[in-house]
Amino acid sequence: MNFSEIEKKWKKRWFEEEVFKTDVWDFSKPKFYALDMFPYPSGVGLHAGHVEGYTATDVVARMKRMQGYNVLHPMGFDSFGLPAEQYAIKTGNHPDGFTEKNIKTFKGQLYDLGLSYDWDKEIATSRPDYYKWTQWIFANLYKDNLAKLIDMPVNWCEELGTVLANDEIIDGKSERGGYPVIRKNMKQWVIDIPKYADELIEGLDTIDWPESTKEMQRNWIGKSIGALVTFKIKGKNKSFDVFTTRCDTLFGATYCVLAPEHELVDLITTKDKKQEVDDYKKVCSTKSDMERTELNKDKTGVFTGAYAINPVNNKEIPIWISDYVLASYGTGAIMAVPAHDERDYEFAKKFDIDIIQVLEEVTGKPHKDETKKNSIVAILYDEENDKYLTINWYDLGGRLFVGGTIKDKEKPIDCAIREIKEETGYVDFELVTELPKINHHYYAYNKDKYFNIECTGFVFKLKSNKQESQNLDEDENFKVEWVSKDKIDEIKDELHHKVYDYYINDGAMIGDGIHINSEFLNGLNKEEAINKMIDWLEEHKVGKRKVNYRLREWIFARQRYWGEPIPIIHMEDGSIEVLKDEELPLILPELEDYSPCKNGTSPLEKATNWVNIERNGKKAKRETSTMPGSAGSSWYFLRYIDPKNDKEIANKELLKHWMPVDLYVGGPEHAVGHLLYSRMWNRYLYKKGISPVEEPFKKLVHQGMVLGANGIKMGKRYPEFSINPNDIIREYGADTLRFYEMFMGPIEADKPWNTKGVEGAKRFLDRVWRLYESDKIKDEDNKNLEKVYNQTVKKVTTDYENLHFNTAISQMMIFINAVYKEDTYPKKYALEFLKLLNPIAPFMTEELWEKMGHDKTIAYETWPKYDESKIKDETYTMIVQVNGKVRGKLEVYSNTNKDEMEKLAKDIPNVKNYIDGKEIVKVIVVPKKLVNIVIK
RNA sequence: GCUCAUGUGGCGGAAUUGGUAGACGCAUAGCACUCAAAAUGCUACGAUCGUGAGAUCAUGAGAGUUCGAUUCUCUCCAUGAGCACCA
């Protein structure tokens with residue numbers, strides 16, 4: 001097979017005859033919209049990962065055409081971006097030329113791959129006839145108050161000279177280039193995406209997307225339900241709100257923290273603390289995000305000297321400032337409950353602030369007749385020998401720590417000291433820490449009684465071995481033993497074990513339990529208490545239910561040249577005007593020098609004639625920021641439907657017919673960026689009556705990464721293991737490349753490249769080719785192939801539908817292997833098989849189709865059908881198990897009933913060996929599958 | 001730390017309303033064709049024991065549910081992705 005000749009021939013024919021051109025106005029057939037994430041046209045060209053994703057949609061698109069769908073399968077280019085800009089800076093040439101040249105290269109490669117795109121629908125985000133509408137959408141967002149200019153802290157990258165969005169930052173460094181990013185206050189254009197937060201979460205339930213991607217979007221939006229609580233400031237007629245998800249722990253709030261940037265800080269700080277507070281604020285402001293998170297896990301903060309009033313009990317609690325509270329989340333202020341929050345616990349420990357437990361964990365099972373009592377569990381640790389003091393009760397309860405019941409009016413700590421002395425005789429030790437109380441239910445066999453105890457745990461350190469005589473009751477019959485850590489596992493008692501857990505994990509009690517020290521909440525669990533507290537807060541007008549989101553405004557301005565100009569004019573009087581529809585597109589001006597301005601303003605500042613204009617007889621300046629890369633890609637799926645329309649985004653009737661996208665394939669790296677922004681813009685356009693659907697992408701699939709032959713990501717690091725699709729096409733042909741990439745494994749998985757596998761793919765396609773050149777193809781039937789043929793049609797069809805290309809291919813291999821074993825290959829099967837293979841190997845199947853006497857393309861032939869009755873067998877292999885292990889197989893008729901199956905099974909010699917002389921306990925018969933005989 | 005995904009032969013992978021583990025391919029070995037090689041066609045191919053029939057073990061580790069678990073539950077380990085002081 002001369003693949004390069006064949007591929008050349010068919011590329012030419014498909015192009016000249018416009019075989020894949022879609023008439024979008026043809027509504028007579030059902031529609032199918034198969035979309036790829038369009039590439040950024042870099043100079044490097046396509047990589048192996050593109051090939052996989054693009055081939056996948058192409059296979060489905062080709063099958064759908066044959067199934068009678070009108071298929072829209074377009075491609076375009078996300079052509080604004082940094083590399084073109086950097087090229088422009090370096091050479092002084094306009095980035096447009098560079099971009100269009102790269103687009104040409106890309107298109108050539110996409111043609112070479114045999115992808116059945118309708119190039120009539122091509123778009124590029126950097127072309128004015130496209131970005132006119134990006135600007136139009138922005139103008140409308142502005143008019144609808146969803147695009148705003150606000151003063152806000154932003155991620156500023158000095159080296160790139162621009163502001164970055166959160167998803168453009170990785171580990172505190174810029175995604176492109178890896179430069180440091182700091183926080184800085186700037187006037188910024190933002191899109192108010194949080195307004196759509198709830199809808200964007202709810203919409204996820206209606207679409208067929210990978211669960212992990214949906215989850216990522218949910219986390220990114222970060223909805224949390226809680227309450228706003230108002231705290232008054234002592235001695236001042238002021239108050240502040242805090243956001244909390246745990247208002248049930250309000251009785252345990254022992255201090256409050258404001259973010260250093262909080263507006264109230266200066267107003268409430270007392271004179272004596274002013275210097276300290278100012279110093280701290282200064283330190284925080286110079287810290288970058290990275291320093292605040294990565295390098296500074298250790299809590300810092302200062303006391304303001306002011307006190308807040310806890311609204312539930314009117315207690316005065318100190319107000320601190322600390323950078324562990326973020327100005328940008330919630331209200332920039334928190335109530336701290338150190339007993340039940342890790343961070344507050346750490347902070348309180350460091351600054352010696354009160355810790356009040358208001359929730360205790362429940363262990364054991366409650367019983368209706370319980371006796372209440374208070375008790376202690378004491379852990380005594382001998383640091384010198386790294387051993388713990390335990391008491392071994394042997395059969396009467398196993399190994400335990402020291403424990404005991406608190407007597408009347410005794411303090412828990414005194415009880416613990418007394419019990420250690422009485423039970424073990426040790427007297428010289430000191431308290432290390434007191435652990436959270438536990439609410440424990442248990443049954444005491446020796447007393448035949450149910451108890452409910454509130455138990456306090458203590459940890460002591462042994463100071464010396466000094467020992468006095470024990471003071472034991474008669475029934476106290478045990479051995480005192482010092483044991484090392486690994487022996488602690490012998491402690492099976494739930495209560496004692498829990499106490500030890502608290503000791504090991506030293507920290508706040510985060511889990512659920514019942515409330516204590518909380519007046520009207522006492523005895524309630526977390527959920528009940530939260531609801532009751534919110535009711536109480538609302539009733540007393542000191543708080544209310546509140547939902548908070550992690551999602552922030554989408555920063556929509558970049559200080560770069562190569563992006564859509566923002567269609568905004570700043571008037572001399574400070575007012576803002578938005579360009580009218582007929583003024584669009586606002587075209588990027590050409591520059592002498594495309595490099596960024598030193599002072600951090602956009603390169604467009606240099607286009608003075610363009611910037612400084614007169615409007616309505618007054619002086620005015622154009623906005624010089626441009627839009628981020630994700631602007632043009634947030635709506636392109638709408639434009640493909642009607643790309644040349646200069647009156648509107650796209651014709652409404654066409655949109656109504658073609659949306660939503662039926663299949664969208666692209667890399668998982670866009671899980672939150674592009675895929676969230678697109679959903680928001682589409683939702684906005686839906687509300688404007690432009691997009692006909694709430695969700696633009698009905699089904700989404702992520703292709704995995706194609707790794708180098710070493711199993712490591714391809715790239716600059718290991719160029720020797722990198723694969724260039726061009727080379728593969730030249731050496732093996734596009735059909736082989738497509739076939740191999742589809743056969744590698746599941747589309748979503750990361751898979752290493754294997755050149756031997758490519759050769760195997762080529763070998764199979766050659767094998768098919770030879771079969772069609774052989775004289776086996778005859779105009780007669782071959783019953784032997786009937787079953788496997790129908791199975792193959794069925795499996796390939798459903799597997800393509802579900803994007804399981806690897807198993808579809810393996811079925812086609814099974815079919816071809818079967819044909820090779822036969823002397824005749826019925827012509828009708830031979831023709832139908834070409835259709836099955838065509839979506840994956842379009843070039844050679846077109847050629848073979850033609851060789852078999854057709855002058856029209858195979859692309860619109862009718863997809864093969866299968867006959868279910870031909871797949872079903874008259875017989876099947878019945879499995880016979882004894883105690884779940886396969887001991888025999890038997891070919892039986894499909895209509896064999898249960899009794900017969902059992903009888904036949906028992907007659908198999910090997911089975912007999914196992915069951916003879918044994919008692920048969922049970923026989924499980926699964927019709928059409930197996931018989932399992934259970935013996936004793 | 002949190003969330004999610006994944007873990008099966010020498011390798012890529014198949015099989016999940018729980019029912020023959022390893023389809024298909026790669027690699028390897030053997031046979032045929034050939035003067036020979038390549039190509040091609042056919043055969044074998046998880047491990048261990050056994051001449052064989054067959055047996056035992058085996059789907060990251062450990063437990064559990066079940067007549068039966070790669071598939072369900074719990075705990076742990078490893079890898080990958082995302083989030084990361086989000087109150």
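In this text the structure is predicted, and so the values were computed from the model without any measurement. The sequence lines fix the lettering, A, B, ..., with proteins before strands; numbering per chain opens at 1.
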Check: Can you tell which of A:Tyr732, A:Trp753, A:Phe805 makes a ring-ring contact (aromatic ring centres under 6.0 Å, His included) with A:Tyr740?
Finding: A:Trp753
Check: Can A:Lys776 be said to sit on top of A:Tyr820's aromatic six-ring, NZ or CZ under 6.0 Å from centre and within 45° of the ring axis?
Finding: yes
Next item on the list: Name the closest nucleotide to the A:Met813 side chain, picking from B:G25, B:A81, B:C67.
Entry: B:G25
Margin query: Could you tell me how far apart A:Ile334 (CD1) and B:C85 (C1') are, to the nearest whole angstrom?
Written below: 9 Å
Check: With sugar-phosphate meaning primed atoms plus P, OP1 and OP2, does A:Asn910 contact a base, only sugar-phosphate, or nothing at under 4.0 Å between heavy atoms?
Finding: sugar-phosphate
Notebook entry, point to check: For A:Arg887 and B:A55, is the shortest distance between a side-chain N/O and OP1 or OP2 below 4.0 Å?
Noted result: yes
Notebook entry, point to check: How many Å lie between CH2 on A:Trp753 and C1' on B:C26, as a whole number?
Noted result: 14 Å
Notebook entry, point to check: How about A:Tyr825 and A:Tyr772: are their ring centres within less than 6.0 Å of each other?
Noted result: yes
Check: Is the A:Phe351 to A:Tyr255 ring centre distance short of 6.0 Å?
Finding: no
Note to self: Among B:C42, B:U20, B:A87, which nucleotide has an atom closest to any side-chain atom of A:Thr877?
What the structure shows: B:U20
Notebook entry, point to check: What is the distance from CZ of A:Phe739 to C1' of B:G25, rounded to the nearest Å?
Noted result: 9 Å
Margin query: Quick one: does any side-chain atom of A:His340 pair with a main-chain N or O of A:Leu359 as donor and acceptor, under 3.5 Å?
Written below: yes
Item checked: Pairing pattern in dot-bracket form [Watson-Crick, G-U; both distances under 3.5 Å; | = partner strand] for RNA chain B -> (((((((..(((......[....))).(((((.......))))).((((....))))..(((((..]....))))))))))))....
Item checked: Nucleotide of B:G25, B:C85, B:A87 approaching A:Asp323 most closely (side-chain heavy atoms) -> B:C85
Next item on the list: Quick one: label A:Gly760 by what it contacts on the DNA or RNA (base, sugar-phosphate, nothing), any heavy atom closer than 4.0 Å.
Entry: sugar-phosphate
Margin query: If you only use heavy atoms from C-beta on, which nucleotide in B:A87, B:A55, B:U3 is closest to the side chain of A:Tyr914?
Written below: B:A55
Check: How close or far is atom C1' of B:C83 from atom CD1 of A:Ile221, stated in whole angstroms?
Finding: 14 Å
Margin query: Whole angstroms only, please: what is the NE2-C1' distance between A:His702 and B:G80?
Written below: 15 Å
Next item on the list: Specify whether A:Phe739 and A:Phe743 have parallel, tilted or perpendicular ring planes, treating 30° as the upper limit for parallel and 60° as the lower limit for perpendicular.
Entry: tilted
Checklist line | Side-chain N,O (A:Arg218) to OP1/OP2 (B:C83) below 4.0 Å | finding: no
Check: If you check the A:Arg767 side chain, which of B:C42, B:A81, B:G13 turns out closest?
Finding: B:C42
Note to self: Any base atoms under 4.0 Å from A:Lys821, or only sugar-phosphate, or nothing? Heavy atoms, all strands.
What the structure shows: sugar-phosphate
Next item on the list: Verify whether one side chain among A:Asn817 and A:Arg767 offers a donor that lies under 3.5 Å from an acceptor in the other.
Entry: yes
Notebook entry, point to check: Can you check whether A:Arg770 has a side-chain N or O nearer than 4.0 Å to OP1 or OP2 of B:A39?
Noted result: no
Next item on the list: Consider only side-chain N and O atoms of A:Asp241 and A:Thr331, and report whether a donor and an acceptor are under 3.5 Å apart.
Entry: no
Check: With sugar-phosphate meaning primed atoms plus P, OP1 and OP2, does A:Asp750 contact a base, only sugar-phosphate, or nothing at under 4.0 Å between heavy atoms?
Finding: sugar-phosphate
Notebook entry, point to check: What's the closest nucleotide to the A:Ile814 side chain, out of B:A87, B:A23, B:A21?
Noted result: B:A23
Next item on the list: For A:Asn817, answer base if it contacts any base atom (sugar-phosphate contacts may also be present), sugar-phosphate if it contacts only those atoms, and nothing otherwise; contact means non-hydrogen atoms under 4.0 Å.
Entry: sugar-phosphate
Check: Should A:Lys922 be listed as having a side-chain N or O under 4.0 Å from OP1 or OP2 of B:C67?
Finding: yes
Check: Reckon A:Glu215 touches a base, only the sugar-phosphate, or nothing at all at heavy-atom distances under 4.0 Å?
Finding: sugar-phosphate
Notebook entry, point to check: Picking from B:C67, B:C4, B:A87, which would you name as closest to the side chain of A:Ser212?
Noted result: B:C4
Check: Atom CD1 of A:Ile728 and atom OG1 of A:Thr755: how far apart are they, to the nearest 0.5 Å?
Finding: 6.0 Å
Check: Between atom CD1 in A:Ile809 and atom P in B:G13, what is the gap in whole Å?
Finding: 14 Å
Notebook entry, point to check: When you measure from the side chain of A:Ile879, which nucleotide among B:U20, B:G12, B:C83 comes out closest?
Noted result: B:U20
Margin query: Categorize A:Pro909 for me: base, sugar-phosphate, or nothing, with a 4.0 angstrom heavy-atom threshold over every strand shown.
Written below: nothing
Checklist line | Anti/syn call for B:G80, syn if |chi| within 90° | finding: anti
Notebook entry, point to check: Looking for any heavy atom pair under 4.0 Å, which part of the strands does A:Asn932 touch: base, sugar-phosphate only, or nothing?
Noted result: base
Checklist line | Quiz item: A:Lys299 side-chain donor-acceptor pair to B:C85 base, under 3.5 Å | finding: yes
Notebook entry, point to check: Nearest to the side chain of A:Phe743 - B:C24, B:U40, B:G19?
Noted result: B:C24
